[in-house]
Amino acid sequence: MQSADVAEEGGRSLVFFDLETTGLGQSCDIVQLAAVSGGHSFNLYVVPHSPMQRGATKVTGFRVRRQRLYLHHQRVLTNSLREVLVSFIAFLQMLGRPLVIGHNSRRFDCPLLAQALDKLDLRAEFESAISGCVDTLPLAREILKDHCLQSFRQENLVKELLGMNYKAHDALEDVRALQALYSVLQPTPELVRRHMFTLDTMENKDPVPAVL
DNA sequence: TGCCAGGCCCTCTTTAGGGCCTT
């Protein structure tokens with residue numbers, strides 16, 4: 001972890017997170033979990049139980065051979081899923097019940113994270129470590145509804161709003177780009193509140209009453 | 001060898017279908 005100023009909004013720290021996984025289905029496993037908050041960063045890898053789907057290997061560069069994880073043919077150090085999740089919860093606790101922010105996180109990252117937390121009986125601990133979750137995909141769609149953007153993919157938003165290309169599909173690079181993107185979007189506290197959800201309520205359409 | 005998910009949103013809709021978004 002690195003230390004520096006922590007991004008804040010309404011007195012809450014903001015943590016930007018992203019998962020790389022074995023694919024896109026509900027049965028997929030986490031391969032990489034990365035997060036940033038200001039200058040603090042978190043980045044750990046897991047050897048997945050399920051095989052990497054071809055499309056996932058193509059876009060992420062991850063491969064598994066003989067229970068070892070490789071990224072673009074270079075072996076990476078890994079931890080158990082429990083070690084990764086417990087460390088992530090400790091990272092969140094260090095930041096003082098932050099808001100956890102991801103792109104399309106309500107439909108992709110958070111359900112997979114919840115599934116992993118449930119498997120290891122860590123969901124309650126995670127929930128108590130955060131203030132809530134926010135998905136920047138619907139947030140960006142609402143903020144930029146008059147900008148006639150053709151795509152709200154994170155990679156495209158970063159290109160359009162920040163004028164930069166970056167190494168998409170590396171979780172740490174993705175969260176750094178998302179943090180920069182969020183600072184440009186500048187959502188109001190009211191807008192953030194309306195887009196907040198928790199792991200328990202993410203399947204509901206209704207916003208979660210939140211205190212910012 | 002080839003295929004592989006799923007929920008939201010929009011519209012050429014609502015008795016539906018296709019594109020988007022994540023890996």
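Computed from a predicted structure; not experimentally measured. All chains are named by letter (A, B, ...) in the order of the sequence lines, taking the proteins before the strands, and each is independently numbered beginning at 1.
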Novice: With distance as the sole test, does A/D109 use its side chain to make a donor-acceptor pair with the main-chain N or O of A/D18 at under 3.5 Å?
Specialist: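 Side chain of A/D109 to backbone of A/D18: no pair is present.
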
Novice: A/Q26 has an atom CD; how far is it from atom P of B/dG7, in whole Å?
Specialist: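 It works out to 6 Å between those atoms.
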
Novice: What is the distance, rounded to the nearest whole Å, between atom NE2 of A/H195 and atom C1' of B/dC8?
Specialist: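 Answer to the nearest Å: 13 Å.
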
Novice: Please report the distance separating the C1' of B/dT13 from the corresponding atom of B/dG19, rounded so that it comes out in whole Å.
Specialist: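 Going atom to atom, C1' in each nucleotide, I get 15 Å.
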
Novice: Below 4.0 angstrom, which residues in residues 52-60 of chain A have at least one non-hydrogen atom near DNA chain B?
Specialist: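 A/R54, A/A56, A/V59, A/T60, in order of number.
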
Novice: Would you tell me if any nitrogen or oxygen in the side chain of A/R141 comes within less than 4.0 Å of OP1 or OP2 on B/dC10?
Specialist: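 False: A/R141 side-chain N/O out of range (4.0 Å or more) of B/dC10 OP1/OP2.
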
Novice: Between B/dC10 and B/dT14, how far is it from one C1' atom to the other, in whole Å?
Specialist: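 Going atom to atom, C1' in each nucleotide, I get 12 Å.
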
Novice: With a 4.0 Å limit, can you tell me whether A/H103 has a side-chain N or O closer than that to the phosphate oxygens OP1/OP2 of B/dT22?
Specialist: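 It does, given that an N or O in the side chain of A/H103 lies less than 4.0 Å from OP1 or OP2 of B/dT22.
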
Novice: Check A/K159 with A/E155, please: is the shortest side-chain N to carboxylate O separation under 4.0 Å?
Specialist: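 No, this pair does not count.
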
Novice: Answer with base, sugar-phosphate or nothing: what part of the nucleic acid does A/F62 contact at a heavy-atom distance below 4.0 Å?
Specialist: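 The answer is nothing, as A/F62 stays clear of every strand by at least 4.0 Å.
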
Novice: Could you tell me how far B/dC4 sits from B/dG18 if I compare only their P atoms? Round to whole Å.
Specialist: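 Looking at atom P only, B/dG18 and B/dC4 are 15 Å apart.
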
Novice: In whole Å, what separates the P atom of B/dC8 from that of B/dC12?
Specialist: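 Taking atom P in both B/dC8 and B/dC12, they lie 22 Å apart.
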
Novice: Centroid separation under 6.0 Å, is that true for the rings of A/F42 and A/F88?
Specialist: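 Yes.
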
Novice: Counting side-chain heavy atoms from C-beta on, which of B/dG6, B/dC21, B/dT22 comes nearest to A/L137?
Specialist: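 Between B/dG6, B/dC21, B/dT22, the one nearest the side chain of A/L137 would be B/dC21.
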
